[in-house]
Amino acid sequence: MRKKIVIIGGGFGGLSAAKEFNDFDADITLIDKTNYHLFQPLLYQVATAALSPADIAAPIRAVLNKQKNTTVVMDEVTAIDRVNKKVITKGSEYSFDYLIIAIGSSHSYFGKDEWEKNAPGLKTLNDALNIREKILLSLESAEKMNNPEETIKYLTFVIVGGGPTGVEMAGAIAEIVKISMMKDFRNINSEMTKVYLIEALPRLLTAYPEDLYEIAKKDLETLGVEVLLNTMVVDVNDEGVALKDKFIPTKNIIWAAGNTVSPLLKSLNTELDKAGGVIVNPDLSLKDDSNIFVIGDAAHLKDKKGNMLPGIAPVAMQEGRYAAGIVKEGKDADLRESFKYIDKGTMATIGRAKAICYIGGLKFTGFFAWLIWCVIHIFFLISFRNRFKVMAEWAWYYITFRHGIRLITGHPEKQEEIRNSNTPD
Ligand SMILES: Cc1cc2nc3c(=O)[nH]c(=O)nc-3n(C[C@H](O)[C@H](O)[C@H](O)COP(=O)(O)OP(=O)(O)OC[C@H]3O[C@@H](n4cnc5c(N)ncnc54)[C@H](O)[C@@H]3O)c2cc1C
């Protein structure tokens, strides 16, 4: 009988697995709670008004439309019934012979979930749009304020977490509020703005060599970012961020620290790590079920040196292709080769035309690194239309230094509050 293969998640891992099944003689069902594949590495550009949501997302259905063996379902998986080999969704249930789970991760507040209201994280398009509007609304509020103490809260931006997302976000925000957007305002200026990047560890970007981290830190400081290392956040509330020995009054906090995996994985009744990731076999299958695979951010797998594979797109994509390959071969678990991650490098941007890249032991910085970063990101964007649009937006931004996507359409109550406030004399 024709095998049934279910893939949960149409992100980097799930989509790579699905594409690998092109022309394979089986029924493939890909289930995702959204109808689009999201290119998360460019989310911060949506959050900082450099790109629009459609530039970094593509409908999964359209990506897989030529694959006749594949059905795309928009639904949310709520449980996995291993005994009856069924995936339970909000609307239905799907039986499987093989299951590939690629549900990604979300941000973790280390048990302080109440902080999320004031310190949103960046994982989804909605998160990015919310953050974008929050930044734009803050600038509009500050422009109309009479009280300097209040104004400063709207012009202070705090990013918590010094990994690649925090670094990229801090650089992009500093560029907006210190350089590119301030020309458009009359009552506020760049000297009034503050951008903090807070990291609990002694350094930023722990996955990068020390000298690249030093360069990134210097680049951030040149842009006007105040980097606070060895600094723990002890509270987040409506008025700002409390550190051990300082309170930063702010209305703009962005959370870029910590990851956790969906509680959905608990329904697998298998071994999970502290963050909720599934501890998988070297072939990415469950410890106690060789026909169920977990890949990408949701999987916990260590390399030969005992280091956990990082939660990045190339790991998810390689794992997706590998897991699909194993399913296609149909080998028993003891005959399968282990998954081996091929590290092709890592990179992060700092502002408009600077980046750091660490590729094959080689280090690149500055403008050249930024060009490499641009080319690689354009190459991996999912559709030709997106590639073309993003290239055009970046060229426009590079020449004009203007962020184009600056409309405020949400948050009607906050908009009304700003309309009703007085402009300074
Ligand atoms: C802001 C940001 C910046 C990043 N920058 C980089 C970078 O520069 N370079 C890099 O390599 N990596 C980067 N990453 C990490 C990278 O995006 C992830 O490692 C990668 O997306 C993981 O792929 P995945 O397939 O495991 O999960 P995802 O790509 O997150 O896909 C998970 C999919 O599962 C779906 N889903 C989740 N739960 C359910 C459910 N219950 N039912 C149905 N569908 C579900 C989601 O809708 C989503 O489509 C970044 C991540 C973020 C958030």
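Just so it is clear, the values below take in all heavy atoms, side chains as well, and ignore hydrogens, waters and symmetry mates. Being a predicted model, the structure only gives us computed values, none of them experimental. All ligand and atom numbering here is 1-based and tracks the order in the structure.
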Asker: Looking at Glu114, I'd like to know if its CD atom is crowded, meaning that more than 12 non-hydrogen atoms belonging to other residues, nucleotides or ligands lie closer than 6.0 Å.
Answerer: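 Above 12, so yes.
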Asker: Using a strict threshold of under 4.0 Å (side-chain N to carboxylate O), is an ion pair present between Glu210 and Arg203?
Answerer: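 Judged by the 4.0 Å cut-off on N to carboxylate O distance, Arg203 and Glu210 do form a salt bridge.
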Asker: Please indicate whether Lys287 has more than 12 foreign heavy atoms, meaning atoms of other residues, nucleotides or ligands, lying under 6.0 Å from its NZ.
Answerer: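 Count over threshold, so yes.
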Asker: Determine whether the aromatic ring centres of Trp394 and Trp370 lie less than 6.0 Å apart.
Answerer: no
Asker: Please tabulate protein-ligand N/O pairs under 3.5 Å for ligand 1, atom names and distances to 0.1 Å.
Answerer:
from	atom 1	to	atom 2	distance (Å)
ligand 1	11 (O)	Ala313	N	2.9
ligand 1	12 (N)	Ala313	N	3.3
ligand 1	17 (O)	Gln40	OE1	2.9
ligand 1	19 (O)	Asp297	OD1	2.8
ligand 1	19 (O)	Asp297	OD2	3.3
ligand 1	19 (O)	Gly311	O	3.0
ligand 1	19 (O)	Ile312	N	3.3
ligand 1	21 (O)	Gln40	OE1	3.3
ligand 1	25 (O)	Phe12	N	3.4
ligand 1	25 (O)	Gly13	N	2.7
ligand 1	26 (O)	Asp297	N	2.9
ligand 1	29 (O)	Phe12	N	3.3
ligand 1	30 (O)	Gln40	NE2	2.9
ligand 1	41 (N)	Val77	O	3.1
ligand 1	42 (N)	Val77	N	2.9
ligand 1	44 (N)	Lys33	N	3.1
ligand 1	47 (O)	Asp32	OD1	2.7
ligand 1	49 (O)	Asp32	OD1	3.4
ligand 1	49 (O)	Asp32	OD2	2.6

Asker: Is the centre of the Tyr213 ring less than 6.0 Å from the centre of the Tyr208 ring?
Answerer: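 That pair fails the under 6.0 Å test.
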Asker: For Ile356 and Ile215, which heavy atoms make the closest approach, and how far apart are they?
Answerer: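 Answer, listing the atom of Ile356 first, then Ile215: CG2-CG2, 4.4 Å.
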